[in-house]
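Structure first, then comments.
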Amino acid sequence: MSDERLISPDISPLTSSLISLGGINRTFYLGDSQVHALRDVNLTITSGEYIAVMGPSGSGKSTLLNLLGLLDRPDEGSYKLEGRDVTTLDADELAAVRSERIGFIFQSFHLVPRLTAAANIELPLVLSGFPKADRAKRVSQALQEYGLTDRAHHRPNELSGGQRQRVAIARATILRPAVLLADEPTGNLDRSTGEEVVKLLEKLNAQGMTLIVVTHDQALGARARRQIRMEDGGVVSDIVSAK
């Protein structure tokens with residue numbers, strides 16, 4: 001894999017507040033029952049941070065991730081992304097911000113089965129209206145940087161788990177988002193391949209990309225410089241390690 005920069009060098013780490021959550025509440029209704037998925041969550045995340053969100057199943061981790069990724073809205077509270085209150089945006093505006101400023105990585109990869117590795121990576125550029133020549137240049141660079149040049153024309157079912165996750169990371173970062181959200185990114189990988197993927201994510205973070213990882217893996221969580229632990233929809237601890 002190339003040692004060259006994987007993201008744009010104009011991203012300066014730890015320079016400004018990226019995300020601010022104030023008094024966030026989210027309740028789901030299941031029949032006659034109420035599930036308080038998030039309870040009065042207050043968080044400030046600075047550009048360039050490396051954060052692990054941990055806690056037992058049902059603690060609110062996934063709901064928080066969906067909210068940060070603009071896939072869900074809070075019932076109460078404010079969410080400012082790069083100084084903009086995104087809770088006031090309509091569906092089209094949310095989709096535009098999500099596409100341009102937020103990258104997603106999932107445990108199950110979520111690649112389009114019928115598309116090649118190159119086409120999967122290119123997809124966000126197509127949806128954002130990039131000219132074809134620019135798309136080709138960016139995709140070629142990404143394939144090289146992620147060690148996928150010889151797999152460019154392979155479909156997901158022809159790739160290993162590690163290769164599929166690298167395609168997913170390349171796709172998530174091709175638009176150079178402000179924040180990368182990773183939901184159990186090593187959950188479907190063996191230990192060796194998972195270590196490779198984590199090092200790749202950490203390299204992106206070292207270059208200035210904000211990285212937020214949701215994980216049950218204590219060892220993975222301990223690698224982050226900040227660990228946020230959740231229980232019953234609330235933040236019970238928020239620790240910054242001296243690293």
Side-chain angles (χ1 to χ4, degrees), residues 1-13 15-16 18 47-48 68-71 81-84 86 89-106 108-183 185 193 196-212:
M1 194 176 303
S2 170
D3 289 330
E4 295 177 2
R5 300 181 72 86
L6 297 173
I7 59 174
S8 175
D10 59 4
I11 298 176
S12 301
T15 56
S16 62
L18 174 67
S47 296
L68 291 173
L70 304 180
L71 297 173
L81 175 63
E82 298 179 308
R84 185 182 190 184
V86 293
L89 303 182
D90 63 29
D92 289 340
E93 291 170 326
L94 283 174
V97 173
R98 186 166 56 240
S99 171
E100 295 171 7
R101 306 307 295 152
I102 300 170
F104 294 90
I105 301 168
F106 302 97
S108 55
F109 318 123
H110 287 194
L111 301 177
V112 181
R114 63 183 178 80
L115 297 182
T116 64
N120 266 283
I121 295 170
E122 184 184 25
L123 189 57
L125 299 173
V126 174
L127 297 176
S128 294
F130 271 66
K132 187 173 182 179
D134 292 345
R135 298 201 309 263
K137 182 178 180 180
R138 280 212 192 186
V139 171
S140 177
Q141 181 181 1
L143 288 166
Q144 180 180 358
E145 291 175 342
Y146 287 91
L148 293 164
T149 301
D150 61 345
R151 294 292 183 267
H153 303 296
H154 289 64
R155 289 181 171 78
N157 66 350
E158 300 170 316
L159 302 174
S160 68
Q163 289 166 345
R164 278 179 277 175
Q165 194 61 296
R166 275 187 276 151
V167 171
I169 295 171
R171 182 184 60 184
T173 57
I174 195 73
L175 285 174
R176 298 164 186 158
V179 59
L180 187 58
L181 305 175
D183 187 7
T193 305
E196 176 187 339
V197 166
V198 170
K199 287 182 176 178
L200 179 56
L201 294 175
E202 290 177 345
K203 184 172 182 179
L204 289 163
N205 173 251
Q207 295 170 3
M209 185 172 286
T210 305
L211 176 61
I212 302 175

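Computed from heavy atoms alone, side chains included, the values below leave out hydrogens, waters and symmetry copies. Along the sequence shown, the residues carry numbers beginning at 1.
- Between E196 and R166 there is a side-chain heavy-atom pair separated by less than 4.5 Å.
- Paired with I102 under the rule side chain to side chain contact (heavy atoms under 4.5 Å, CB included), one option of L81, L180, L68, L71 passes, and it is L81.
- Contact annotation: the side chain of L18 approaches that of E82 to within less than 4.5 Å [non-hydrogen atoms, C-beta and beyond].
- Residues S160 and T193 fail the side-chain proximity criterion, which asks for heavy atoms closer than 4.5 Å.
- Looking at heavy atoms from C-beta onward, V167 lies out of side-chain contact with F109 at the 4.5 angstrom threshold.
- Taking both residues in full, the closest heavy atoms of A172 and I105 are given as CB-CG1, 4.0 Å, listed atom of the first, atom of the second, then distance.
- The nearest pair of heavy atoms linking T173 to M209 is CG2-SD, 3.8 Å.
- Once rounded to the nearest 0.5 Å, the distance linking CZ of R98 with CG of L89 reads 10.5 Å.
- Of all the heavy atoms in P156 and P113, the pair that sits closest is CD-O, 3.4 Å.
- Across P185 and Q165, no two heavy atoms sit closer than the pair O-NE2, 2.8 Å.
- Closest approach of V179 to L181, counting heavy atoms only: CG2-CD2, 3.9 Å.
- To the nearest 0.5 Å, atoms OH (Y146) and CD (Q163) are separated by 15.0 Å.
- Put simply, CG on D150 and CD on Q144 are 12.0 Å apart, with the number rounded to the nearest 0.5 Å.
- Side chain of E158 to backbone of R155: a donor-acceptor contact under 3.5 angstrom is found.
- Between L127 and S99 the shortest side-chain heavy-atom distance does not fall below 4.5 Å.
- Formation of a donor-acceptor pair under 3.5 Å by the N205 side chain with backbone atoms of G48 is found in this model.
- Considering only heavy atoms from C-beta on, L211 stays 4.5 Å or farther from L204 through its side chain.
- Interatomic distance, CD1 of I169 versus NZ of K203, reported as 12.5 Å (0.5 Å rounding).
- Distance check: L123 CG to L175 CG gives 10.0 Å after rounding to the nearest 0.5 Å.
- Under the side chain to side chain contact (heavy atoms under 4.5 Å, CB included) test applied with V97, the options R101, E93, E100 reduce to a single match, R101.
- The salt bridge (Lys or Arg N to Asp or Glu O under 4.0 Å) analysis of residues 128-138, with sequence neighbours excluded, yields the pairs E122-R135.
- Taking CG of L148 as the reference point, atom OG1 of T116 lies at 11.0 Å (rounded to 0.5 Å).
- For the residue pair A118 and V139, the shortest heavy atom distance occurs at O-CG1, 3.8 Å.
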